[in-house]
Number of protein chains: 2
Amino acid sequence: MTTSHDVAKLAGVSQSTVSRALRGLPGISEKTRLQIQRAAEMLAYVPSDAGRSLSTKRTRVIGVVSAELTNPFFPELVEPMRAEFERLGYRMLLIPDSSENPLEIDRLADGTLDGVILTTVVLGSQLPHRLAARKIPFVLANREIDGIQADTVVLDNQLGGKIVASLLADLGHEKVAAILGPADTSVGRDRGTGFQQGLSERRIALLPERVRNEPFTYSAGHKATIELLAAAEPPTAIFCGNDVIAFGACNAVASLGLIPGHDITIIGFDNIEMSDWDLFRITTVNGDLKGMAENAARLLIRRIASPDGAPERITLEPELILRATHAPPLGMRLRA
Amino acid sequence: MTTSHDVAKLAGVSQSTVSRALRGLPGISEKTRLQIQRAAEMLAYVPSDAGRSLSTKRTRVIGVVSAELTNPFFPELVEPMRAEFERLGYRMLLIPDSSENPLEIDRLADGTLDGVILTTVVLGSQLPHRLAARKIPFVLANREIDGIQADTVVLDNQLGGKIVASLLADLGHEKVAAILGPADTSVGRDRGTGFQQGLSERRIALLPERVRNEPFTYSAGHKATIELLAAAEPPTAIFCGNDVIAFGACNAVASLGLIPGHDITIIGFDNIEMSDWDLFRITTVNGDLKGMAENAARLLIRRIASPDGAPERITLEPELILRATHAPPLGMRLRA
DNA sequence: GTGTAAATAACATACGTATGCAATCGATCA
DNA sequence: TGATCGATTGCATACGTATGTTATTTACAC
């Protein structure tokens, strides 16, 4: 591996001059700068990241803590983050954090990371506090934690839940079910309370046996839907905590020979790309994942630049996306 | 940030002793080792990655070059890689490489990476040669390049294409179409030639106007299917270069009011998780992505350990997965 | 030709860890 | 008791870059 010393020798200058010249710092004559650039090119010199990191104490690497990428939700959040970090001159290290394999703080604190984005954190997690204690810049994306001062980007999930409740009420549904996300995530909780609140404003009951808290996965959505529809009095509409659960619900409904948007109403949340596929066309709430990702990235970079200063909180607005999986309850239409 | 020097001072020993003690090297008495461990714990010491990298010239970071993660193919390849690298004590850095934003070699050669996995490389790419020139260990996963000596893990794509041809022939299809992948990828090419070869062995013609080379995306599959079915004499079966294209095809078919597996046969390739969803149940060829990922990871780690030695080539066997999107041509069934 | 200031380049050191080699300590054996 | 050996530990330095400080060169005015 060729170093700046090699370049210096070839160009007949000192190592420090090479360092300054190649980074375009002032105080180097054009003539020597050209000489050095030529030498660097000849040797295919690339500055050592480790050396630079050690010297500058910055790595230009961001850690993004997320769950399995095979859950189609995460790529839609992670990909625009990667793009935004790329633009900002940072690289992205993916760090898994699952309940089976919980993340240890030391994996984040070895100085590899200039900052961290948390996307999967549960309500009681100690991770944010530990990061704060070690003064590692971080931001919460798509999650919030009670009682912590930290940069945060979230959707107004409660409002989103309310919007769905209104829609179902307007359509005339009375037997309503919900497959919310896990109760220990802010997303699962807030979408649930918003939904519940919205329903009760419209005097619609949400029976406990029609409410589930499940992981944000296809299979959980599938299974829960089968079970909900097996009840003596099955619901006419199911609100899903996110689109991935809704995919499971739609597939489960299809496997029973029913058609979403005709026999039963299925509402998703997040508006990930797949929800617009012809076979789904899921009525959902736009979660603006791209906006969330980009804001989170920018917030983190700003926080790295100025570690002190009041934490910022960005709340994005949900928006109802009407597609093909909502309709008035079947009984009502038959009566008409 | 606390360093090994801080720990040394607190424990009353030298820095080198700290280094050896915490890594469990021999030549340290149990007594001092315990002292040092206690001190390290008190100070929440985590070794600096940059310092270690600089000294050892290894980073324990692997770069994985892939396309957009929002294409559901990649997470299924990348996720098991991440898991395997995790097991092997390495971390994974995702590096995008798209045709719009081509990857420069310097991004891989700054010493950040102990090795690289290439998953998206096109046939004429210079990247493998450049990596070889800089002596950066790498392996090709799911791709091969002609005329390069390198560790490679691939599926026998040609055989896979042949298997599909046999299936279609057995079912009695004569008007057959193919939406292959890009012609400049080994995967697109080999699945295509295998398919073509298999068909001609069964004396079935594959008309040029019924063959497309498209990117491995949902929208490409969707569009191409619409166009193929608009022909005067539409095909009765479409072989898709991978499952993602097949998703596009299935959705396109559905948007025309047809049912895959009834009105038309759609065959995918790779057997990614989604292909088993109730709404798809795509008949496909198992690409053993997990096996590919794990083998690639292990091969790379072995190559890092011993940079010289003959490159290894692992070929995985394709396997037909019969599900719901294949059937004899409609005309034949009507006649019967 | 001399003096001065500015421009340019070199020198020296810090960053944190790993490791070859020297030094020290204690114990064992003759 | 002294020599020797093995077990521990310390010392010194390398890794590659960045940067504060000092030295040198250049340009300019007188």
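Every chain is numbered from 1 and lettered A, B, ... according to where its sequence line falls, protein lines coming before strand lines.
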Undergrad: Given B:L93, which of B:V61, B:V116, B:L108, B:T59 fulfils the side-chain contact (heavy atoms from CB on, under 4.5 Å) condition?
TA: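 Of the listed options, the one satisfying the test is B:V61.
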
Undergrad: Can you find a donor-acceptor pair, distance only, under 3.5 Å between A:S53 side chain and C:dC15 base?
TA: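 No, no donor-acceptor pair under 3.5 Å.
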
Undergrad: Toward the 5' end of DNA chain D, which comes first, B:E30 or A:Y45, by nearest nucleotide?
TA: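 Result: B:E30.
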
Undergrad: Taking atom types as they are modelled, is there a donor-acceptor pair under 3.5 Å from the base of C:dC15 to the side chain of B:T3?
TA: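 Result: no qualifying N/O pair found.
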
Undergrad: Could you work out which one of C:dA14, D:dG10, C:dA12 sits closest to the side chain of B:S14?
TA: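 The answer is D:dG10, which lies nearest to the side chain.
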
Undergrad: What is the distance, rounded to the nearest whole Å, between atom CG of A:L25 and atom P of D:dT17?
TA: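 It is 15 Å, rounded to the nearest whole Å.
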
Undergrad: Could B:R38 and B:E41 be called an ion pair, given the rule that one side-chain N must be under 4.0 Å from one carboxylate O?
TA: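 No, no charged N to carboxylate O under 4.0 Å.
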
Undergrad: Looking at the side chain of B:S48, which of C:dG16, D:dG16, D:dT17 is the nearest nucleotide?
TA: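 That would be C:dG16.
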
Undergrad: Looking at A:R52 and C:dG16, is any side-chain donor or acceptor paired with a base atom of the opposite kind under 3.5 Å?
TA: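 Check fails, no donor-acceptor contact within cut-off.
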
Undergrad: Indicate, with a heavy-atom threshold strictly under 4.0 Å, whether A:V18 touches base, sugar-phosphate, or nothing.
TA: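 Nothing, no nucleic acid heavy atom in range.
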
Undergrad: Using a cut-off of 4.0 Å on non-hydrogen atoms, how would the nucleic acid contact of B:T56 be classed: base, sugar-phosphate, or nothing?
TA: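 Here B:T56 touches the backbone only, sparing every base.
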
Undergrad: Given side chain to side chain contact (heavy atoms under 4.5 Å, CB included), test A:L103 with A:L127 step by step and report yes or no.
TA: CA-CA 9 Å; A:L103 177 62; A:L127 216 49; 3.9 Å; yes

Undergrad: Report the residue (B:T17 or B:L54) whose heavy-atom-nearest nucleotide on DNA chain D is the more 5′ of the two.
TA: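 Its nearest nucleotide lies further toward 5', so the answer is B:T17.
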
Undergrad: Need one value for A:S29: base, sugar-phosphate or nothing, where a base atom within 4.0 Å counts as base even if backbone is also close, heavy atoms only.
TA: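 Here A:S29 touches the backbone only, sparing every base.
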
Undergrad: Suppose we call a contact any N or O donor and acceptor under 3.5 Å apart; does that hold for the side chain of A:Q15 and the base of C:dA10?
TA: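 It does not, because no donor-acceptor pair links the side chain of A:Q15 to the base of C:dA10 below 3.5 Å.
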
Undergrad: Might you work through the side chain to side chain contact (heavy atoms under 4.5 Å, CB included) test for B:N71 and B:V244, ending with a clear yes or no?
TA: CA-CA 8 Å; B:N71 184 325; B:V244 179; 3.4 Å; yes

Undergrad: Nearest to the side chain of B:S16 - D:dG10, D:dT9, C:dA10?
TA: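 Of D:dG10, D:dT9, C:dA10, D:dG10 is nearest to the side chain of B:S16.
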
